[in-house]
Visitor: 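Sharing a structure below in structure tokens format, with a few things to ask.
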Amino acid sequence: MVTVDTFDEYLFNASRALCSPIAVFIQIQGCLIVLILALGWALAAYVRGREIRRMKSSMKRGNSFAFLTLDINELEHSKQVNLPRVTVVMPLKGFGEHNLHNWRSQITSLYGGPLEFLFVVESTADPAYHAVKCLLADFKDAVEAKVIVAGLSTTCSQKIHNQLVGVEQMHKDTKYVLFLDDDVRLHPGSIGALTTEMEKNPDIFIQTGYPLDLPSGTLGSYCIYGYHMPCSMGFATGGKTFFLWGGCMMMHANDFRTDRHCVVSGLRDGGYSDDMTLAAIAGAHKRLITSPPVAVFPHPLATDLTFPRYWNYLRKQTFVLESYTTKVNWIMNRALFTSHCYLSWGFVSPYIMAGIHVAAALRHYLKENSLEGTAMTCNGLLLVACLAVCTVIELLSMWNLTRIEVHLCNMLSPEAPQLSLASYNWCLVFIAMLVDNFLYPLSAMRSHLSQSINWSGIRYHLKDGKICKIDRHKHLVPKITDLAGKDLLGKQGSIPKVAIISTLSRTLAQWRQPKKYNI
């Protein structure tokens, strides 16, 4: 039986052990990881903030349309009529609480050139099929859009299959193709901004962006926010980046027509992750990936996002590192796997050690102990104080980047409901970061050992980095998706009523009406 004195002895011994050179190194390393994160977020905030300052400066010069372009001359009719045709391909799966709002933000783009939207579903049984058909029926000829039934994938993931079917049916005059996830909420000028950059620099292979997560209040939603935030600094470069997010990718349509760099065959023949596959192709052929500073998109998370659904999402994210196209790509993925796991537990370990130091200090001051014990406790508390200061700096940097991105999103969508930072719970943010970094290596290891994953009711099996087997069984299909909480089963009540669609469409029609601005 463990007595109080025995427990105290274990606690004090643990605290002493954590003052050894190796333990001190781990704790100092943790502080450095925290500070590096803070620095990365500070640099990302500078890039996003610089774009806000440019927009405000343009507005002061009389440009009321700065949310569309910083140069108001670009809105002249002579330039708008020469804009290239863009095809937006959206692979759909299920129907959730935010889909109508997201689709509305996409089809109400204020892009001045020819624009078509292709909503691609697996089958007519998908709840998204009926929802988007009703939405488009209310607009008739107001937008150039159609719903495509792609059928079942056999050689790649269903999402990639839907994307490739959409590309096959895009307009013959399309110059750029934009792949969007159905949970992306675009700004009115997003398509125009992406297209402008592609026109300025023809060497761009892919343009991308990144989501700004809007947690719903659950621990699971904050864990996803905590997972995405470290990645966000790689997209807030204002230009060249090595990262790619599959939720927003603009590419040259001719690259698909000619299968340049094997983009079509690389995706079709065993491709699991669209963004990881295309990023590997870009790296292999030294092609340019860019991320404009305005390419940040609000991403509301489901209000009922539970912790198990977060775990399922994390499993799918770590599983992408198991897919690869070449030997070099495999080496890169192994390096990412190892470094991410090391840094994740390197982030969490100092907080566990700090907890032991604090517990030992509390027990020490509640009873008489030796001067040696007092010295060891003080050394431990000094490390705890350093970690606390670094954590405060990190959270302030994280808060500042989120604040700036919220402000930027509000400026880019002036007529949309304004986002607010008030709903963020920063205590939950801190807890979520610890939880996420603790679980990441466990999820990554499980993905490595299993070599299979259930993605929206479809189980994919990998061999040599490619999909080799696809299983479809009813018992594999979850009721709802992980992030957006979209219904996948199409049960009664999942399809919105026509009256609701009509109401939303009237709102959309008002959105499309010309607004009066003081120029």
Side-chain angles (χ1 to χ4, degrees), residues 40 43-44 46-48 50-51 84 86-89 91 159-160 163-164 167 174-181 184 186-187 190-212 228-267 271-297 299 317 320-321 323-326 328-333 335-336 339-340 405 465:
L43 294 175
Y46 170 77
V47 172
R48 304 290 193 199
R50 183 177 58 190
E51 195 63 22
V86 176
T87 295
V88 181
V89 177
K159 178 184 178 183
I160 289 177
Q163 289 173 325
L164 294 179
V167 166
T174 292
K175 187 174 183 180
Y176 302 115
V177 57
L178 175 60
F179 297 106
L180 291 178
D181 282 354
V184 172
L186 285 185
H187 305 293
S190 293
I191 297 177
L194 293 170
T195 305
T196 298
E197 293 300 318
M198 296 289 280
E199 290 287 280
K200 285 181 180 178
N201 186 0
D203 291 333
I204 294 176
F205 182 51
I206 310 174
Q207 272 204 104
T208 189
Y210 206 65
L212 168 62
H228 281 157
M229 280 302 289
C231 302
S232 67
M233 63 182 71
F235 292 84
T237 61
K240 182 179 179 180
T241 181
F242 298 100
F243 301 94
L244 185 59
W245 178 52
C248 174
M249 302 184 298
M250 177 173 276
M251 302 180 64
H252 295 268
N254 279 338
D255 287 347
F256 287 90
R257 294 188 180 106
T258 61
D259 195 17
R260 188 179 186 186
H261 305 316
C262 299
V263 292
V264 174
S265 53
L267 289 168
Y272 167 75
S273 170
D274 54 341
D275 47 15
M276 291 293 285
T277 301
L278 290 172
I281 292 173
H285 296 276
K286 296 180 172 54
R287 297 301 308 275
L288 179 62
I289 300 175
T290 64
S291 180
V294 294
V296 54
F297 311 106
H299 182 218
Q317 294 302 300
V320 301
L321 294 178
S323 64
Y324 55 90
T325 56
T326 63
V328 173
N329 188 209
W330 178 84
I331 294 173
M332 292 295 294
N333 284 1
L336 283 172
S339 60
H340 201 154
E405 289 188 338

Visitor: Using the side-chain contact (heavy atoms from CB on, under 4.5 Å) criterion, which residues pair with T196? Sequence neighbours excluded.
Guide: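 Applying side-chain contact (heavy atoms from CB on, under 4.5 Å) to T196 gives K200.
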Visitor: Just wondering, do F205 and H261 contact through their side chains at under 4.5 Å, heavy atoms?
Guide: yes
Visitor: Over all heavy atoms of both residues, which pair between G238 and V47 is shortest? Give the atoms and the distance, please.
Guide: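 Nearest heavy atoms, G238 then V47: N-CG1, 3.7 Å.
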Visitor: Looking at D274 and I160, would you say the former's side chain and the latter's main chain have a donor-acceptor pair under 3.5 Å?
Guide: no
Visitor: Please list all pairs meeting side-chain hydrogen bond (donor to acceptor under 3.5 Å, both in side chains) that have one or both residues in residues 241-254, counting only residues at least two apart or in different chains.
Guide: N254-R257
Visitor: Between OG1 of T87 and CZ of F179, what distance do you get to the nearest 0.5 Å?
Guide: 10.0 Å
Visitor: How far apart are the C-alpha atoms of L267 and F256, what are their side-chain angles, what is the distance that settles it, and do they pass the side-chain contact (heavy atoms from CB on, under 4.5 Å) test?
Guide: CA-CA 11 Å; L267 289 168; F256 287 90; 4.2 Å; yes
Visitor: Mark yes or no for whether H187, through its side chain, and V296, through its backbone, hold a donor-acceptor pair below 3.5 Å.
Guide: yes
Visitor: Just how far is it from atom CE of M198 to atom CD1 of I206, taken to the nearest 0.5 Å?
Guide: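 Spacing of CE (M198) from CD1 (I206) equals 9.0 Å.
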Visitor: Got a donor-acceptor contact below 3.5 angstrom from the Q207 side chain to the L194 backbone?
Guide: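 Judged by distance alone, yes, a pair lies under 3.5 Å.
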Visitor: State, with a plain yes or no, whether a side-chain heavy atom of L278 is found less than 4.5 Å away from one of M251.
Guide: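 Answer yes - side chains close enough.
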Visitor: Please report the closest heavy-atom contact between F235 and G209, naming both atoms and the distance.
Guide: CD2-O, 3.4 Å
Visitor: Please report the interatomic distance CD(E197) to OG1(T290), rounded to the nearest 0.5 Å.
Guide: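 Answer for the CD-OG1 pair, E197 versus T290, is 6.5 Å.
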Visitor: Does the plane of the ring in H299 sit parallel, tilted or perpendicular to the ring in H228? Use 30° and 60° as the thresholds.
Guide: tilted
Visitor: Between atom OG1 of T325 and atom CE of M276, what is the distance when rounded to the nearest 0.5 Å?
Guide: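 Output value for this atom pair is 9.5 Å.
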Visitor: With side-chain contact (heavy atoms from CB on, under 4.5 Å) as the test, would you mind laying out the steps for F243 and T208 before giving the verdict?
Guide: CA-CA 8 Å; F243 301 94; T208 189; over 6 Å; no
Visitor: Taking salt bridge (charged side-chain N to carboxylate O under 4.0 Å, His left out) as the test, write out the residues that go with R260, two or more places apart.
Guide: D255
Visitor: State, to 0.1 Å, how close I281 and C262 come at their nearest heavy-atom pair, and which atoms those are.
Guide: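 Result for this residue pair: CD1-O, 3.9 Å.
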Visitor: Are V177 and Q163 side-chain neighbours, meaning at least one heavy-atom pair lies under 4.5 Å?
Guide: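 No - every pair of side-chain heavy atoms lies 4.5 Å or more apart.
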Visitor: Could you pull out the closest heavy-atom pair between T277 and G266, with the gap in Å?
Guide: CG2-O, 3.8 Å
Visitor: Closest approach of Y324 and N329, non-hydrogen atoms and distance?
Guide: CA-OD1, 3.1 Å
Visitor: Between Y210 and S291, is the side-chain contact (heavy atoms from CB on, under 4.5 Å) condition met? List the steps.
Guide: CA-CA 8 Å; Y210 206 65; S291 180; 5.9 Å; no
Visitor: Do the non-hydrogen side-chain atoms of F297 and L180 ever get within less than 4.5 Å of each other?
Guide: no
Visitor: Look up atom CD in E405 and atom CD in E51, then write down how far apart they are to the nearest 0.5 Å.
Guide: 12.5 Å
Visitor: Do V86 and M250 have side-chain heavy atoms sitting under 4.5 Å apart?
Guide: yes
Visitor: Looking only at non-hydrogen atoms, find the nearest pair between V294 and A193 and report the distance.
Guide: CG2-CB, 3.8 Å
